[in-house]
Amino acid sequence: MNRAEKADSIGDLNSRFAAAESVVVAQYPGLSVHEMQDLRAKARKVGVDIKVAKNRLVNLAIAGTPYAGLASLLKGQNAFAFGTDPVAAAKVVSDYAKDNQKLAIIGGGMKGNILDKKGVEALAKLPSLDELRGKIIGVLMAPATKLARVLVTPAGDLNRVIHAKSQQA
């Protein structure tokens, strides 16, 4: 890799780190190409990007980003999962690591907060942004639904009484 390619790679990594809501760092010794492709495919489905890069280039790329504290985790072969949803990257990597012992989470971060392995696993257990939005909509819709039922019930009862009386006659 020549200087221009290195500069392009560092610039690409820097923009990924700057745009990411969360980053997960995982080591993957012994992970086959097929397994890595499977992880990337699962990650793409939830909007997470997996990138493998040399630690020296990552060290240069994280300077000036909220993830500068990740420098202490850069040892060995590392894969980086970048997510725009704060919990998506942690979820997909954590789920894959449960099924495949060759992938080991070593840490991560969320916009300036550096997390250890336990922090990433705790983040993976949280509901995603879409799940939270669904819950909020459900909470907001519940009073309107209950009100509609209360307003419709007397009319339905009256209708049943009239129908019963008409059947008796």
Side-chain angles (χ1 to χ4, degrees), residues 1-140:
M1 189 182 282
N2 63 31
R3 282 182 178 253
E5 291 172 335
K6 284 181 184 178
D8 289 342
S9 182
I10 291 169
D12 176 52
L13 285 168
N14 185 278
S15 64
R16 287 176 194 253
F17 277 104
E21 285 292 322
S22 66
V23 175
V24 176
V25 182
Q27 292 183 337
Y28 62 98
L31 205 63
S32 70
V33 172
H34 176 70
E35 291 168 329
M36 185 60 90
Q37 288 174 340
D38 185 39
L39 172 61
R40 284 186 169 134
K42 288 179 180 179
R44 256 191 308 272
K45 287 180 183 177
V46 294
V48 174
D49 187 29
I50 306 284
K51 180 80 173 161
V52 174
K54 290 186 174 188
N55 292 334
R56 194 162 18 120
L57 297 178
V58 172
N59 228 344
L60 294 170
I62 60 178
T65 68
Y67 300 104
L70 292 177
S72 63
L73 302 176
L74 303 179
K75 294 175 181 74
Q77 293 178 325
N78 293 319
F80 303 89
F82 301 94
T84 54
D85 180 345
V87 297
K91 273 187 188 285
V92 74
V93 174
S94 181
D95 288 345
Y96 197 81
K98 287 177 189 172
D99 298 334
N100 194 327
Q101 300 301 319
K102 297 175 193 172
L103 184 69
I105 298 171
I106 57 172
M110 267 185 58
K111 284 291 184 187
N113 296 325
I114 303 306
L115 306 170
D116 61 355
K117 179 182 178 178
K118 289 181 182 179
V120 172
E121 290 171 349
L123 186 62
K125 293 177 184 172
L126 294 175
S128 71
L129 197 55
D130 289 336
E131 292 169 344
L132 287 174
R133 286 178 181 150
K135 287 180 180 181
I136 290 171
I137 289 172
V139 167
L140 293 175

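Side chains of Asn59 and Arg56 form no contact here, defined as non-hydrogen atoms less than 4.5 Å apart. Side chains of Leu13 and Ile10 form no contact here, defined as non-hydrogen atoms less than 4.5 Å apart. Inter-residue side-chain proximity for Leu70 and Phe80 is flagged as unmet; no heavy-atom pair is nearer than 4.5 Å. Leu31 is not listed as a side-chain neighbour of Gln77, based on a closest heavy-atom distance of 4.5 Å or more.
Ring geometry for Phe17 versus Tyr67: interplanar angle of 30 to 60°, hence tilted.
Taken from CG in Leu60 to OG in Ser9, the straight-line distance is 10.0 Å, to the nearest 0.5 Å.
The side-chain contact (heavy atoms from CB on, under 4.5 Å) search around Asp99 returns none, not counting sequence neighbours. For Asp85, there are no salt bridge (Lys or Arg N to Asp or Glu O under 4.0 Å) partners at least two apart in sequence or on another chain.
Of all the heavy atoms in Ser22 and Met110, the pair that sits closest is CB-CG, 3.8 Å. Smallest separation of non-hydrogen atoms from Ala79 and Ile50: CB-CG2, 4.4 Å. Summarising the geometry of Pro66 relative to Ile114, their closest heavy-atom pair is O-CD1, 4.3 Å, with the distance given to 0.1 Å. The two atoms that bring Ala89 and Ala81 nearest to each other are CB-O, 3.8 Å, heavy atoms only.
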Would you sort out whether Tyr28 and Leu39 count as a side-chain contact (heavy atoms from CB on, under 4.5 Å), showing the intermediate values? CA-CA 11 Å; Tyr28 62 98; Leu39 172 61; over 6 Å; no
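Pairs passing the salt bridge (charged side-chain N to carboxylate O under 4.0 Å, His left out) check and including a residue from residues 31-45, sequence neighbours excluded, read Glu35-Lys102, Asp38-Lys42.
Tested against Ile105, the residues Val24, Val25, Leu115 include a single side chain to side chain contact (heavy atoms under 4.5 Å, CB included) partner, Val24. Screening Lys117, Lys75, Gln27 for a side chain to side chain contact (heavy atoms under 4.5 Å, CB included) with Ile106, the sole residue that qualifies is Gln27.
For the pair Asn55 (side chain) and Gly76 (backbone), a donor-acceptor distance under 3.5 Å is present. Remark: side-chain polar atoms of Ser15 are paired, donor with acceptor, to backbone N or O of Asp12 under 3.5 angstrom. For Lys91 (side chain) and Pro127 (main-chain N/O), no donor-acceptor pair under 3.5 Å exists by modelled atom type.
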